[in-house]
Amino acid sequence: MKRIVIPALLILTGCATPQERCINTATRDMKIVDQLIAESEATLARGYALESQIVYRTDFQDCTPRATVDYPKPQPKMCMVDVPETITRPKAVDLAAEKAKLNALRAKSKVQSTAAAQAIAQCRKQYPK
């Protein structure tokens, strides 16, 4: 999923106005902290964390050579290929430490929000629509 989202965001960023690019740059860290807050809140609500892990499974895929002038009908061939697969597993977490982390993230978010408001105002002043 992330493989699709990041290129899409890069394409959309290229279409943004200078003001929008400035605001996106100014609020990038704040958005990351907000995502971490949401993740931490979900962990506390569940009582455990979720850990993503990439595992590889073997799959058979068609690897028949392309037809050429010399070999117009190549022999069909199947090959074993390792295919990455992301699985999510529960993970034990210290809930007290998670709550402390959440409180620290919320404090950081307030500081970033104030700084971002100033940066957004500067972006709007520097790049009026």
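Below, all heavy atoms of this structure are taken into account, side chains as well, without hydrogens, waters or symmetry copies.
The minimum heavy-atom distance between T27 and A116, with the atom names listed, is CG2-CB, 4.1 Å. Between V81 and Q61, the shortest heavy-atom distance links the atoms CG2-OE1, 4.0 Å. Closest heavy-atom contact between L105 and V33: O-CG1, 3.6 Å. Residues P128 and K125 approach most closely at CD-O, 3.7 Å, considering heavy atoms. Contact record, Y48 with V93: CA-CG1, 3.9 Å, taken as the closest heavy-atom pair. For the residue pair T86 and S52, the shortest heavy atom distance occurs at CG2-CB, 4.1 Å.
Other residues, nucleotides and ligands place more than 12 heavy atoms under 6.0 Å from the CE atom of M78.
The backbone N or O of Y127 lies less than 3.5 Å from a partner atom in the side chain of Q19, making a donor-acceptor pair. Distance alone, capped at 3.5 Å, is enough to place a donor-acceptor pair between the T17 side chain and the E20 backbone. Using a distance-only test at 3.5 Å, with no hydrogens or angles considered, a donor-acceptor pair links the side chain of R21 to the main chain of A16.
Between the NZ atom of K91 and the OG1 atom of T43 there is a distance of 10.0 Å, given to the nearest 0.5 Å. Distance check: D82 CG to T58 OG1 gives 4.5 Å after rounding to the nearest 0.5 Å. The CD1 atom of I87 sits 9.0 Å away from atom CD of E51, with the distance rounded to the nearest 0.5 Å.
Considering only residues two or more places apart in sequence or on other chains, A119 meets the side chain to side chain contact (heavy atoms under 4.5 Å, CB included) condition with A26. Evaluation of the side chain to side chain contact (heavy atoms under 4.5 Å, CB included) rule for R57 yields D59, V83, E85 as partners, not counting sequence neighbours.
L44 is connected to I37 through a chain of hydrophobic side-chain contacts under 4.5 Å among Ile, Leu, Val, Met, Phe, Trp and Tyr, so both are in one cluster. Residues I120 and V111 are members of separate hydrophobic clusters, defined by side-chain heavy-atom contacts under 4.5 angstrom among Ile, Leu, Val, Met, Phe, Trp and Tyr.
Looking only at side-chain heavy atoms (C-beta outward), M80 and F60 come within less than 4.5 Å of each other. E39 places none of its side-chain heavy atoms less than 4.5 Å from the side chain of L50.
Residue pairs meeting the side chain to side chain donor-acceptor pair (under 3.5 Å) criterion with at least one partner in residues 98-114, sequence neighbours excluded, are D34-S109, S40-E98, E41-R106, E98-K101.
No side-chain N or O of D70 forms a donor-acceptor pair with one of T68 less than 3.5 Å apart.
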